[in-house]
Amino acid sequence: MAKPAMMVVFVLPSALRHWVSGESEVKVFAVGADRDTPPTLGSALDTLRRTHPSLEGRLRDDYGQIKSHINMFVCGENAQGLGGLDCAIPPGAEVYVMPAL
């Protein structure tokens with residue numbers, strides 16, 4: 001059986017657009033670990049790393065965690081409160097990347 005996959009839109013602040021040719025949005029596919037596991041924020045970021053490697057160092061630390069000065073909101077909810085990198089990504093999800101205040 002195929003692993004579940006869905007499109008995720010990362011909405012980037014102007015400070016990060018330099019590393020994606022000035023685009024305000026980047027679309028990637030998030031893929032579940034197996035056929036029974038939904039895609040997660042971590043899997044979406046893994047795909048983003050492969051498609052836009054220069055953005056990786058600005059979003060995640062050396063251990064693969066979201067940097068402390070970055071917040072990510074999945075469908076309007078802070079990802080930290082939803083399980084961080086393990087939060088499930090719903091169909092048609094938008095992930096807003098914002099600097100922490």
Side-chain angles (χ1 to χ4, degrees):
M1 281 263 167
K3 296 177 184 178
M6 62 190 62
M7 181 70 67
V8 177
V9 178
F10 283 91
V11 182
L12 303 172
S14 60
L16 294 175
R17 294 177 189 169
H18 170 77
W19 289 276
V20 292
S21 302
E23 297 295 321
S24 62
E25 296 181 348
V26 176
K27 296 177 183 178
V28 298
F29 280 101
V31 180
D34 57 49
R35 68 184 180 115
D36 298 320
T37 306
T40 63
L41 177 59
S43 66
L45 285 168
D46 290 343
T47 303
L48 185 65
R49 177 183 60 224
R50 288 189 295 276
T51 60
H52 297 86
S54 59
L55 199 53
E56 173 72 4
R58 279 117 188 114
L59 300 179
R60 295 202 278 188
D61 62 21
D62 294 339
Y63 303 102
Q65 299 300 310
I66 298 170
K67 287 192 170 190
S68 60
H69 65 276
I70 296 290
N71 284 321
M72 294 194 187
F73 292 85
V74 177
C75 298
E77 303 244 0
N78 192 322
Q80 291 303 92
L82 299 173
L85 295 174
D86 294 328
C87 79
I89 299 287
E94 287 187 339
V95 177
Y96 284 81
V97 179
M98 303 177 75
L101 300 176

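Here the structure is a predicted model, which is why all the values come from computation and not from measurement. When reading the values below, keep in mind they use all heavy atoms of this one structure, side chains included, and skip hydrogens, waters and symmetry mates.
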d(Ser43 OG, Leu48 CG) to nearest 0.5 Å is 11.5 Å
Please step through side chain to side chain contact (heavy atoms under 4.5 Å, CB included) for the pair Phe10 and Glu25, ending with a clear verdict.
-> CA-CA 6 Å; Phe10 283 91; Glu25 296 181 348; over 6 Å; no
Looking at side-chain heavy atoms only, is the closest gap between Leu55 and Leu12 below 4.5 Å?
-> yes
Which pair of heavy atoms, one from His52 and one from Trp19, lies closest together, and at what distance?
-> CD2-O, 4.4 Å
So if you build clusters from Ile, Leu, Val, Met, Phe, Trp, Tyr with side-chain heavy-atom gaps below 4.5 Å, do Val95 and Phe73 land together?
-> no
Would you say Tyr96 and Leu16 are hydrophobically clustered, going by side-chain heavy atoms of ILVMFWY under 4.5 Å?
-> no
Please say whether more than 12 non-hydrogen atoms of neighbouring residues, nucleotides or ligands are located less than 6.0 Å from CE in Met98.
-> no
For the residue pair Leu59 and Met72, establish whether any side-chain heavy-atom pair is separated by less than 4.5 Å.
-> yes
Taking a hydrophobic cluster as the set of Ile, Leu, Val, Met, Phe, Trp and Tyr residues connected by side-chain heavy atoms closer than 4.5 Å, whether directly or through intermediates, do Val28 and Val11 fall within one such cluster?
-> no
dist Thr51:OG1 -> Glu56:CD (nearest 0.5 Å) comes out at 10.5 Å
Check whether any side-chain heavy atom of Pro90 lies under 4.5 Å from a side-chain heavy atom of Val74, and answer yes or no.
-> yes
Interatomic distance, NZ@Lys67 vs CZ@Arg60, rounded to 0.5 Å, equals 11.5 Å
Side chains of Arg17 and Ser24 in contact at under 4.5 Å (non-hydrogen atoms) = yes
Which atom names give the shortest non-hydrogen contact between Ala5 and Val31, and what distance separates them?
-> CB-CG2, 4.0 Å
4.5 Å side-chain heavy-atom contact, Ile66 and Gln80 = yes
Cluster link Val26 to Val97, ILVMFWY, side chain under 4.5 Å = yes
Please round to the nearest 0.5 Å and tell me the distance separating atom CG of Leu82 and atom OG1 of Thr40.
-> 12.0 Å
Could you give the distance from CZ (Arg50) to CG (Leu45), rounded to the nearest 0.5 Å?
-> 11.0 Å
Calculate, to the nearest 0.5 Å, the distance between atoms CG and CD1 belonging to Asp61 and Ile70 respectively.
-> 11.5 Å
Contact summary for Pro39 and Pro4, nearest pair of heavy atoms | CG-O, 3.7 Å
